[in-house]
Amino acid sequence: MYKALASSSSLLRSGLRFSSPLSRTLAPVPRSLSFSRSSSFFSSSRLRSPSSWRVACDPRSPISLRAGIRSSAAAIQRFERRMATIATENPFKDILTSLPKPGGGEYGKYYSLPALNDPRIDKLPYSIRILLESAIRNCDNFQVAKEDIEKIIDWENSAPKLVEIPFKPARVLLQDFTWVYQLLLTLHVSRDAMNKLGSDSNKINPLVPVDLVIDHSVQVDLARSENAVQTNMELEFQRNKERFSFLKWGSTAFTIGVYLWDSVCNTTYILHVNSFGNAMVKFQVNLEYLGRVVFNTDGILYPDSVVGTDSHTTMIDGFRSCWMGCWRDWKQKLQCSASCVMGVTATDLVLTVTQMLRKHGVVGKFVGGMGELSLADRATIANMSPEYGATMGFFPVDHVTLQYLKLTGRSDETVSMIESYLRANKLFIDYNEPQKEAIYSSYLELDLADVVPCLVFPGPKRPHDRVPLKEMKKDWHSCLDSKVGFKGFAVPKESQEKVVKFDFHGQPAELKHGSVVIAAITSCTNTSNPSVMLGAGLVAKKACELGLEVKPWVKTSLAPGSGVVTKYLLKSGLQNYLNQQGFNIVGYGCTTCIGNSGDLDESVAAAISENDIVCCCCAFWKPNFEGRVHPLTRANYLASPPLVVAYALAGTVDIDFENEPIGIGRDGKSVFFKDIWPSTEEIAEVVQSSVLPDMFKSTYQAITAGNPMWNQLSVPATTLYSWDPKSTYIHEPPYFKNMTMMPPGPHGVKNAYCLLNFGDSITTDHISPAGSIHKDSPAAKYLMERGVDRKDFNSYGSRRGNDEIMARGTFANIRLVNKLLKGEVGPKTIHIPTGDKLYVFDAAMRYKAEGHDTVVLAGAEYGSGSSRDWAAKGPMLLGVKAVIAKSFERIHRSNLVGMGIIPLCFKPGEDADSLGLTGNERYTIDLPSNMNEIRPGQDIIVATDTGKSFTCTLRFDTEVELAYFNHGGILPFVIRNLINSQH
């Protein structure tokens with residue numbers, strides 16, 4: 001049995017306070033203000049205000065809604081008073097210590113935890129020590145006070161008090177979808193607003209190092225071809241040239257930043273752009289190249305930490321770089337994830353861990369520990385922390401980390417500096433030395449013999465709902481039998497064995513329920529793990545040798561996260577076998593994961609749609625949700641790369657791998673799963689011989705060279721962008737339309753109609769536009785009216801810079817279940833006054849034209865998922881004024897607040913159904929017109945036109961959130977405060 005830690009403090013137990021997706025911009029930061037995990041650090045260079053993360057109470061817990069919090073006006077007044085008294089020097093300057101080099105001289109100086117001479121530090125989990133170091137280094141007695149540091153050191157006693165603590169990450173990692181809209185476009189429209197209101201727009205700039213990797217644009221237009229990479233890259237550039245130009249302009253327009261609170265600008269931070277086509281993906285390049293482990297800035301040494309605009313950023317936690325949002329680590333010896341049971345991989349381990357932790361309940365906690373897993377296996381486990389709900393997790397640096405640093409080409413001097421600093425500051429763990437037991441709030445045990453091969457359905461929407469491989473066939477038939485909904489297709493018994501025959505380019509083909517039509521090994525998570533990638537190659541090799549072939553109508557693809565993967569697959573000779581099975585490399589990017597799976601062959605698509613066949617995608621991606629992969633694959637399974645190849649060979653998920661053959665070999669004999677599955681020893685041998693340091697060095701030597709098409713892009717050398725009214729990619733959003741310097745004040749909701757009535761588990765991917773643009777959707781209509789051909793629609797993600805398209809894509813998920821439609825599934829709703837069934841966007845615009853507000857009713861866990869920014873922006877643009885839910889996902893709730901939408905929670909034990917609400921009522925929410933009369937967590941009466949009323953909890957959870965609401969959202973709040981600060 002092996003122990004795992006579900007750690008730790010109130011800091012852990014209470015979780016990380018997240019705010020609006022737009023809180024990543026510019027905010028002069030009050031002490032209780034905090035930011036989303038996908039935030040960036042951009043602010044006024046005059047204010048020199050760093051963004052900060054605060055660990056605080058779990059906003060979903062009624063217990064955490066502290067009474068008696070003072071008003072927003074008082075908070076702002078305190079903030080303004082404290083701005084004038086910011087410390088000019090660090091009160092912990094006396095523990096600034098020199099770190100000597102072995103041969104003389106020094107690496108730099110660091111804030112020494114041992115110099116505090118506090119025995120409580122030895123009992124702190126390593127993740128808490130990282131928070132402590134950051135707080136000490138950034139202590140200014142304003143954003144970070146000495147009291148905060150005492151809370152961290154005394155975390156064991158602070159836990160029950162639900163205290164807040166600050167944390168300031170060191171760098172930002174961006175991907176192109178979120179960068180175009182969440183950051184660059186928002187930054188620019190904020191510059192415009194500053195300019196229009198007579199202020200200096202150049203005050204808005206990055207404060208910390210920023211890296212941007214373009215990896216979300218490539219689509220699988222061409223598969224099963226040696227020319228796939230080049231062809232897909234050329235098409236990517238053709239579709240996205242305007243976006244890429246905007247990105248390139250942004251990398252030059254936003255270049256100068258101020259480092260934290262320094263009074264003199266000693267550091268210039270550049271937006272480093274890794275252009276498209278450079279054979280790497282953000283989270284893998286983060287692991288292999290960008291991750292510092294230890295920073296050395298102006299001679300000050302400190303631990304690496306990063307905030308990223310993608311849930312995959314968590315995989316860096318396996319590296320010991322701290323990612324705010326989730327960390328993870330394992331206590332004791334959680335060894336060799338692939339050697340326990342036949343067929344088990346790191347993917348199976350992480351799915352088992354996810355299920356275990358979800359059952360235990362680690363939302364808002366740090367999951368911490370230690371272990372002797374490989375770095376790649378740690379990263380695979382780390383990557384899933386958003387799915388098991390942890391706020392943070394952490395693998396402390398040990399010899400495994402140092403070996404990986406050397407493998408990936410970091411210099412000996414750099415590795416020596418990292419080890420010396422971490423050892424000196426009690427941040428390194430050496431298993432050969434006696435260990436002082438840290439204190440954790442709970443412990444879990446996992447017997448690796450219990451880990452079995454498994455899949456998850458429906459995809460990673462609920463990755464804790466794993467299906468053991470041996471139960472897969474039974475589970476599939478249960479899905480066919482169950483009613484339409486979660487894991488249900490309601491296929492009549494008499495139709496379940498239906499076989500559809502069709503012609504596929506001159507050869508006979510057939511599909512049935514459960515047929516695999518997409519098999520994708522994507523860049524997400526696993527391509528950073530050589531054992532599963534080379535394992536997939538070995539499966540392909542054994543299948544080729546036995547005479548098995550993937551059916552040609554299965555769309556197969558391989559999209560590595562780094563050019564290093566290509567190098568070791570080629571060196572091992574396994575890429576040739578993958579090519580024979582159709583898994584040619586199609587590009588370097590998210591592809592199928594983000595919905596860029598490309599079209600299915602017309603004959604396949606027709607066979608599916610004309611015969612209502614429930615077909616499958618078998619892939620490895622991470623947070624992916626209903627309707628995103630492809631509209632014709634209703635069943636989407638998450639599986640390890642070797643299992644993806646196995647299911648592609650089988651051609652169906654309706655198979656018992658233990659007892660049924662995958663196919664017939666060239667010798668006429670049945671071939672079973674065990675015949676093609678490699679042993680642990682086979683995998684280890686090929687990893688040892690094929691993954692070499694020079695591969696990493698040669699790949700990253702050319703990282704800044706760019707791509708010829710990118711290098712030829714010409715962009716204006718201006719700090720303000722010229723909006724093109726004809727553009728369908730970049731459009732000026734209306735966030736500051738008619739904005740004045742006077743805040744609008746609080747507002748209630750009067751006689752609002754219900755736009756949508758949902759049940760439980762509505763995710764942000766149900767809400768936010770993602771994947772391809774359906775040909776009959778309002779977004780498609782908008783594009784066609786502007787002369788865009790269907791083949792050039794691109795995806796919602798690629799058009800994130802156009803609010804007109806994104807608003808039309810909000811609630812446009814084809815798997816949306818809206819109770820107003822009485823069982824019908826799809827992106828429509830009922831316009832209550834007329835009874836007309838309309839697309840959600842069209843209904844919302846009709847309500848707006850009629851002068852009516854709207855609300856959304858929802859069940860539990862509203863807003864879970866990863867597509868968070870537009871899940872709040874979109875409803876705001878549709879005119880939604882309030883969301884009344886049984887419970888909210890914590891980040892989404894704060895994002896709604898940031899967009900000026902009122903979040904309300906039903907009282908415990910109540911929901912829309914128990915209260916008899918149908919959604920046909922009109923809703924009035926009375927809020928005081930005076931901000932001083934509104935308190936976080938107070939009770940609010942909601943009245944309906946039927947005479948029924950009920951009490952809800954107002955989910956403004958902090959003073960600052962009330963300030964946002966008073967200003968109409970976080971962006972107006974930020975702009976007004978920046979301008980006021982200059983006067």
Side-chain angles (χ1 to χ4, degrees), residues 1-4 315 318 328 330 332-358 371-384 387-388 444-457 460 463-473 475 521 525-543 618-620 622 637-650 653 655-659 662 672-688:
M1 303 287 277
Y2 299 98
K3 286 184 179 179
M315 69 191 300
R328 158 184 32 302
W330 292 97
Q332 311 262 336
K333 296 180 180 178
L334 189 58
Q335 298 186 45
C336 196
S337 62
S339 63
C340 310
V341 177
M342 167 68 177
V344 168
T345 69
T347 307
D348 305 309
L349 172 63
V350 73
L351 294 177
T352 304
V353 167
T354 298
Q355 185 180 54
M356 179 180 69
L357 293 177
R358 289 287 295 220
E372 295 182 1
L373 292 168
S374 71
L375 197 292
D377 284 352
R378 295 179 187 185
T380 305
I381 294 171
N383 194 48
M384 292 292 275
E387 280 62 52
Y388 49 77
L444 298 177
E445 292 185 349
L446 173 65
D447 187 339
L448 292 185
D450 294 335
V451 181
V452 297
C454 55
L455 296 89
V456 170
F457 174 75
H464 49 293
D465 290 323
R466 67 188 181 98
V467 182
L469 188 64
K470 63 183 179 180
E471 298 175 14
M472 187 57 202
K473 185 180 179 76
D475 189 80
I521 301 174
T525 312
N526 274 253
T527 62
S528 66
N529 192 326
S531 66
V532 293
M533 294 303 296
L534 292 167
L538 287 170
V539 171
K541 178 178 184 289
K542 289 174 179 283
C618 191
F620 196 94
K622 194 177 156 252
Y637 282 90
L638 180 157
S640 68
L643 272 183
V644 171
V645 178
Y647 273 105
L649 288 161
V653 298
I655 183 173
D656 178 356
F657 275 153
E658 286 192 359
N659 301 302
I662 289 178
F672 289 84
F673 177 77
K674 64 182 180 181
D675 298 324
I676 64 170
W677 200 263
S679 67
T680 301
E681 291 74 22
E682 287 178 287
I683 294 174
E685 183 179 347
V686 73
V687 169
Q688 182 69 27

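Nothing fancy with the numbering, it's 1 onward along the sequence.
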Q: Using a 4.5 Å cut-off on heavy atoms from C-beta on, say whether the side chain of F673 contacts that of L469.
A: yes

Q: Work out which heavy atom in P642 is nearest to a heavy atom in V539; give both atom names and the distance.
A: CB-CG2, 4.0 Å

Q: Which residue is it: L638, L649, I521? I am looking for the one with a side-chain contact (heavy atoms from CB on, under 4.5 Å) to V644.
A: I521

Q: Looking at OG1 of T354 and CG of L349, how far apart are the two atoms once the value is rounded to the nearest 0.5 Å?
A: 9.0 Å

Q: For K473, check salt bridge (charged side-chain N to carboxylate O under 4.0 Å, His left out) against everything at least two apart and list the hits.
A: D654, E660

Q: Indicate yes or no: at least one non-hydrogen side-chain atom of D450 is less than 4.5 angstrom from one of T352.
A: no

Q: Partners of E658 by side chain to side chain contact (heavy atoms under 4.5 Å, CB included), sequence neighbours excluded?
A: K470, D656

Q: Side chains of T345 and P453: closer than 4.5 Å at any heavy-atom pair?
A: no

Q: Taking the side chain as C-beta and beyond, is there a heavy-atom pair between V653 and M472 under 4.5 Å?
A: yes

Q: Does V645 form a side-chain contact (heavy atoms from CB on, under 4.5 Å) with I676? I'd like the steps, not just the answer.
A: CA-CA 10 Å; V645 178; I676 64 170; over 6 Å; no

Q: Which heavy atom of P468 sits nearest to which heavy atom of C454, and what is that distance?
A: CA-CB, 3.9 Å

Q: Answer whether the closest heavy-atom distance between the side chains of L538 and L534 falls below 4.5 Å.
A: no

Q: Hey, does Y647 have a side-chain heavy atom less than 4.5 Å from the side chain of I662?
A: no

Q: If the condition is salt bridge (charged side-chain N to carboxylate O under 4.0 Å, His left out), which residues does E682 pass it with, not counting sequence neighbours?
A: K542

